[in-house]
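Here is how names work: the chains are called A, B, and so on, in the same order as the sequence lines, proteins then strands, and each is numbered from 1. In what follows, every heavy atom counts, from backbone to side chain, and hydrogens, waters and symmetry copies are set aside.
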Protein chains: 2
Amino acid sequence: MNIVQEESRRDRKKLQRRTLLIEIARRFIATKGLRSLKVRDVADAAKCSIGSVYNEFGDFDGLILTVNRETVEALTTRLKAVPADDPLRQLHGLADAYLGFASEHANLLRSLFEHRMEDDRPFPEDILAMVMDAFALMHAPLVRLLPDRDPNDVALLSRMMFSAVHGIISLGLEERMVAVPPEMLRERLAQFVDTHLAGLGVSRGDQV
Amino acid sequence: MNIVQEESRRDRKKLQRRTLLIEIARRFIATKGLRSLKVRDVADAAKCSIGSVYNEFGDFDGLILTVNRETVEALTTRLKAVPADDPLRQLHGLADAYLGFASEHANLLRSLFEHRMEDDRPFPEDILAMVMDAFALMHAPLVRLLPDRDPNDVALLSRMMFSAVHGIISLGLEERMVAVPPEMLRERLAQFVDTHLAGLGVSRGDQV
DNA sequence: CTCGAAAATGAACATTGTTCAAGAAGAATC
DNA sequence: GATTCTTCTTGAACAATGTTCATTTTCGAG
């Protein structure tokens with residue numbers, strides 16, 4: 001009996017189905033929004049029983065949170081792919097990457113930020129940490145651009161900046177209450193970053 | 001028969017109950033979040049039947065939207081109460097008023113921004129317009145601070161600025177993913193507004 | 001007081017998340 | 001290969017909740 005590594009046939013099938021279920025749930029959320037996600041639809045699409053979904057994810061929230069977890073992962077991957085050579089370009093790249101991800105996966109991102117737990121169950125720690133990590137990605141380039149500031153200050157600044165960018169994008173992409181016309185969003189966002197950096201005393205030539 | 005003005009006993013009672021139902025629904029949303037709002041709970045609390053709720057609001061969304069409508073109204077009232085004497089102070093006042101409202105009525109504001117309609121029914125035009133109106137309140141002071149800019153530009157700037165403030169506040173108040181420590185939020189928000197204005201070329205002495 | 005319109009009622013229904021006892025499938029042991 | 005034990009799968013049944021509607025009640029008009 002091989003306790004450790006052996007990937008039994010059972011395990012393989014289990015993982016395969018788990019992946020399938022997540023994929024299906026993600027497609028439902030992405031195309032029709034979180035509210036349209038139904039256990040029965042997922043089970044039907046995966047050609048398995050309702051019970052199997054519960055077996056795999058515990059409850060409905062479990063499935064949603066799994067999709068959300070992968071959404072943060074994808075977002076983080078995309079943000080980390082932004083070149084870090086030049087801090088100014090990196091900041092713009094981060095804002096732009098966030099915008100790109102948000103417009104391509106609007107419903108997935110909404111699911112991440114808007115989903116409320118049943119009852120008063122606490123929001124999972126790990127997802128929270130992952131979101132914070134993503135938000136912290138603006139920290140490094142800002143430190144390079146503001147070498148003389150108190151690091152604690154810069155940490156807060158970066159979170160503020162990311163929150164602001166998040167607000168502009170999430171309201172800007174909300175097709176109902178269009179706060180900013182979509183076509184312009186991209187350039188306006190860049191303008192916003194520039195303006196804010198200028199306010200922080202960083203001019204375009206300030207690169208390290 | 002008096003067709004026009006007579007406020008019949010029936011009408012009085014109807015209005016009275018409508019108000020009661022809205023009040024109850026609001027309290028549920030405010031204290032326990034939108035997800036916890038249940039038709040039966042509302043009906044029970046108002047000591048009337050489920051049917052009466054439907055009679056009054058058409059469907060569940062109707063009740064939620066009515067509460068949300070009053071939430072924007074209250075927010076707008078509060079924002080409009082900010083003194084307009086000095087544009088710089090007014091901008092800070094608006095940001096601060098928004099923060100105040102958001103922290104006192106976190107769940108109500110969330111309900112406004114996060115509620116999704118059933119199926120694909122369109123978001124009500126009037127609420128949309130009211131939110132846009134509220135967002136536009138930053139426009140006037142910005143115009144005074146930036147008299148030389150293209151007015152269209154300023155209009156977009158003000159919406160961007162409000163969206164940014166909204167992002168900072170809504171993420172900042174989210175007790176799960178705390179992007180900014182709550183105690184600091186107020187001063188940080190003021191700092192943000194200052195920084196951004198500085199980036200726009202407005203210094204503290206620039207008042208009209 | 002009578003009549004008709006409007007409102008109120010709540011049982012019944014539809015949808016959807018959740019549970020669980022029974023059965024099927026697979027692994028371990030001989 | 002048969003047996004046994006564990007684990008997974010199933011789907012019927014249940015629970016919670018939004019919605020409908022035939023019936024009853026209320027109430028103003030004549």
Measure from the side chain of [X], starting at C-beta and using heavy atoms only, and say which of [options] lies closest.
X	options	result
A:Asn55	D:dC8, D:dG11, D:dG18	D:dC8
A:Phe60	D:dT19, C:dG17, D:dC8	C:dG17
B:Arg17	C:dT9, D:dG18, C:dG17	C:dT9
A:Arg40	C:dG17, D:dT10, C:dG10	C:dG17

Candidates A:Arg35, A:Arg110, A:Arg116 - the one meeting salt bridge (Lys or Arg N to Asp or Glu O under 4.0 Å) with B:Glu114: A:Arg116
Please round to the nearest 0.5 Å and tell me the distance separating atom [atom1] of [X] and atom [atom2] of [Y].
X	Y	atom1	atom2	answer
B:Glu56	B:Cys48	CD	SG	9.5 Å
B:Leu20	B:Ile24	CG	CD1	4.0 Å
A:Ser111	A:Phe28	OG	CZ	14.5 Å

Pairing of B:Arg121 and B:Asp59 as salt bridge, 4.0 angstrom limit: yes
Starting at atom [atom1] of [X], determine the distance to atom [atom2] of [N], rounded to an integer number of angstrom.
X	N	atom1	atom2	answer
A:Lys38	C:dT18	NZ	C1'	16 Å
A:Glu56	C:dT18	CD	P	16 Å
A:Phe57	D:dC8	CZ	P	14 Å
B:Lys14	D:dT25	NZ	C1'	16 Å
A:Ile50	D:dC8	CD1	P	19 Å
B:Gln16	C:dA8	CD	C1'	16 Å
A:Lys47	D:dC8	NZ	C1'	20 Å
A:Glu118	C:dG17	CD	P	10 Å

For a quick check of understanding: with a heavy-atom distance under 4.0 Å over all strands, which category does A:Leu63 fall into, base, sugar-phosphate or nothing? nothing
For A:Asp41 and A:Gly58, find the nucleotide of DNA chain C closest to each by heavy atoms; which residue's nucleotide sits nearer the 5' end? A:Asp41
Hey, is the side chain of B:Ser52 poking within less than 4.0 Å of OP1 or OP2 on C:dT9, counting only N and O atoms? yes
